[in-house]
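Below: the structure, in structure tokens.
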Amino acid sequence: MAGGDGSAKGKSKGGGFRVVARRPPIKRVAFAKVTPQELAQLQKTRPSAGARSQTNAPDGREYEPLHQEIKTIEGAPLAEAGERFSPELIERLWKSRTGVEGLETALGKTKHFEELQKYLASPLHSAVFTKTKRQYEIMNAVRNLRLPRLLHVELQALLAAAPWAHEQAFISASITALLLARAGVGSASDIAQVWLACAIRDVGLTRVPVQILRSQKKLTASQFNEYLAHELYSGVILARSLGPSLAVRIATGHHRASPHNRWRPDVPGYSEAEFAALHTFLAVADAYTGMIGTRTFRSAAYSVRGALDTLISGARAGWHDVKAVALLVSLVRKDESVDNLRVSQKRRGDVPDENYFGI
């Protein structure tokens with residue numbers, strides 16, 4: 001992943017993800033804000049998950065407008081309501097980052113590292129991290145990652161507003177890292193940077209109304225769309241912290257229900273094929289963590305076996321990558337062959353009633 005000056009901080013060995021020395025040039029287009037009337041209409045009838053937003057920019061692509069003004073937790077303005085999420089916005093945010101916002105601290109010296117240790121040792125995640133060796137593998141890999149002050153503050157706010165989201169992001173990132181390591185994809189340095197990008201992708205949830213984050217009932221369709229808006233909010237915050245980066249790309253498109261035609265930034269140092277390979281592992285880790293996790297607006301969580309059964313069925317139907325699912329199964333179950341599990345037609349785990357907006 002590139003540093004603030006555009007230079008690379010490492011290079012993959014052995015045919016994994018490549019990290020290059022320069023960022024690709026940012027294409028400049030005139031990205032006018034939507035009109036107040038258009039914004040009012042968008043806020044009133046937000047496009048449903050996966051629907052077309054009908055907000056084409058001058059270059060013909062769809063750069064979605066922000067539905068609300070975005071500020072840092074400490075009140076510094078980042079983007080205005082109606083401003084389009086575009087290369088121009090990312091570049092402006094990155095260039096306007098203050099020196100204080102960019103001050104870095106090793107992750108291992110923050111409260112977030114303490115929380116990660118608790119998550120890894122939690123009985124909820126013991127199926128994957130049952131071995132202390134795996135817990136140490138993750139902690140040793142990420143303890144020296146540098147966390148800009150702005151992200152540290154944002155993660156603190158996320159931990160306070162939605163502890164379950166903080167936990168899920170950190171565990172999902174950790175499982176993704178394990179899967180990549182077991183698949184032999186990327187160097188240790190690359191995988192650590194992937195962990196960071198995955199762990200911080202949900203910071204925009206703090207801009208979602210707290211009554212949604214803490215709802216005691218499953219979300220309505222409109223509430224779910226407000227929830228999904230955190231992807232763009234996260235993208236804005238991460239662009240200010242990291243500029244054009246893997247983290248911004250992951251943040252703006254990690255939900256399956258994301259609008260399919262939303263513009264997403266390039267990933268510096270990664271080809272589209274390499275990013276797609278990474279995303280197959282993240283998608284499996286995220287789905288598994290989400291299914292077994294606890295959320296106030298979910299009636300019941302999946303059992304570990306129920307989550308695996310669901311992923312196996314999804315792999316058979318083409319929804320998930322077979323190799324990624326098989327690797328996850330091998331991390332959880334050593335007493336049964338992966339092939340037998342993958343072709344199993346019988347569910348043996350607990351699966352809650354269909355509750356889509358319980359995500």
Side-chain angles (χ1 to χ4, degrees), residues 39 42-43 46-51 53 55 63-73 77-86 89-90 93 112 150-151 153-173 196-215 218-242 245-260 262-265 279 282-283 286-287 289-290 293 295-298 356-359:
L39 178 61
L42 283 168
Q43 291 172 331
R46 299 189 181 200
S48 60
S53 60
T55 54
Y63 298 82
E64 286 195 299
L66 300 168
H67 293 93
Q68 66 182 54
E69 180 183 17
I70 305 297
K71 298 181 179 180
T72 67
I73 290 297
L78 295 178
E80 299 178 10
E83 195 166 2
R84 298 182 190 276
F85 188 78
S86 65
L89 175 60
I90 292 176
L93 288 166
H112 306 298
L150 176 60
L151 282 183
V153 173
E154 291 288 343
L155 283 173
Q156 287 287 87
L158 179 63
L159 180 59
W164 59 264
H166 188 279
E167 179 176 358
Q168 178 172 328
F170 274 47
I171 289 295
S172 175
L196 180 62
C198 295
I200 61 181
R201 69 183 185 272
D202 280 336
V203 292
L205 278 172
T206 53
R207 276 60 174 187
V208 174
V210 69
Q211 61 267 31
I212 292 179
L213 295 180
R214 298 178 181 177
S215 173
K218 77 173 185 177
L219 306 182
T220 64
S222 62
Q223 288 176 325
F224 181 58
N225 286 325
E226 286 197 70
Y227 174 88
L228 283 183
H230 79 268
E231 292 184 318
L232 288 184
Y233 305 157
S234 296
V236 169
I237 297 163
L238 297 179
R240 175 64 160 245
S241 302
L242 302 172
S245 62
L246 175 65
V248 175
R249 173 61 181 263
I250 289 176
T252 53
H254 61 277
H255 281 292
R256 180 177 295 280
S258 305
H260 67 280
R262 170 189 295 162
W263 173 81
R264 295 180 176 87
H279 195 268
L282 170 59
D286 212 22
T289 311
R295 309 178 184 201
T296 57
F297 44 79
R298 169 180 287 154
Y356 184 65
F357 295 118
I359 46 179

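All heavy atoms count here, side chains included; hydrogens, waters and symmetry mates do not. Please read all numbers here as calculations on a predicted model, not as lab measurements.
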Once rounded to the nearest 0.5 Å, what's the spacing between atom [atom1] of [X] and atom [atom2] of [Y]?
{"X": "Gln223", "Y": "Lys218", "atom1": "CD", "atom2": "NZ", "answer": "11.5 Å"}
{"X": "Ile70", "Y": "Glu80", "atom1": "CD1", "atom2": "CD", "answer": "11.5 Å"}
{"X": "Arg207", "Y": "Leu205", "atom1": "CZ", "atom2": "CG", "answer": "10.5 Å"}
{"X": "Leu159", "Y": "Trp164", "atom1": "CG", "atom2": "CH2", "answer": "13.0 Å"}
{"X": "Ile237", "Y": "Leu242", "atom1": "CD1", "atom2": "CG", "answer": "11.5 Å"}
{"X": "Ser245", "Y": "Ile90", "atom1": "OG", "atom2": "CD1", "answer": "8.0 Å"}

Between [X] and [Y], which heavy-atom pair has the shortest distance, and what is it?
{"X": "Ser234", "Y": "Gly204", "value": "OG-N, 2.7 Å"}
{"X": "Arg214", "Y": "Ala160", "value": "NH2-O, 3.1 Å"}
{"X": "Ser172", "Y": "Arg201", "value": "OG-NH2, 3.5 Å"}
{"X": "Arg84", "Y": "Leu89", "value": "O-CD2, 3.5 Å"}
{"X": "Leu213", "Y": "Val208", "value": "CD1-O, 4.0 Å"}
{"X": "Cys198", "Y": "Ala173", "value": "CB-CB, 3.6 Å"}

Does any part of the side chain of [Y], heavy atoms only, come nearer than 4.5 Å to the side chain of [X], both counted from C-beta?
{"X": "Thr72", "Y": "Val153", "answer": "no"}
{"X": "His112", "Y": "Gln156", "answer": "yes"}
{"X": "Phe224", "Y": "Phe297", "answer": "no"}
{"X": "Leu219", "Y": "Glu226", "answer": "no"}
{"X": "Leu238", "Y": "Ile250", "answer": "no"}

Open item on the list: Can a donor-acceptor pair be found, under 3.5 Å and without considering hydrogens, that links the side chain of Thr252 to the backbone of Arg249?
Closed with: yes
- [ ] Could you check whether the rings of His166 and Phe170 sit parallel, tilted or perpendicular, using 30° and 60° as the cut-offs?
- [x] parallel
TODO: Just say parallel, tilted or perpendicular for the rings of Phe85 and Trp263, cut-offs at 30° and 60°.
DONE: tilted
Open item on the list: Please identify which of these residues, Ile200, Ile73, Leu150, meets the side chain to side chain contact (heavy atoms under 4.5 Å, CB included) condition with Leu155.
Closed with: Ile200
Task: Salt bridge flag under 4.0 Å for residues Arg295 and Glu167 - done: no
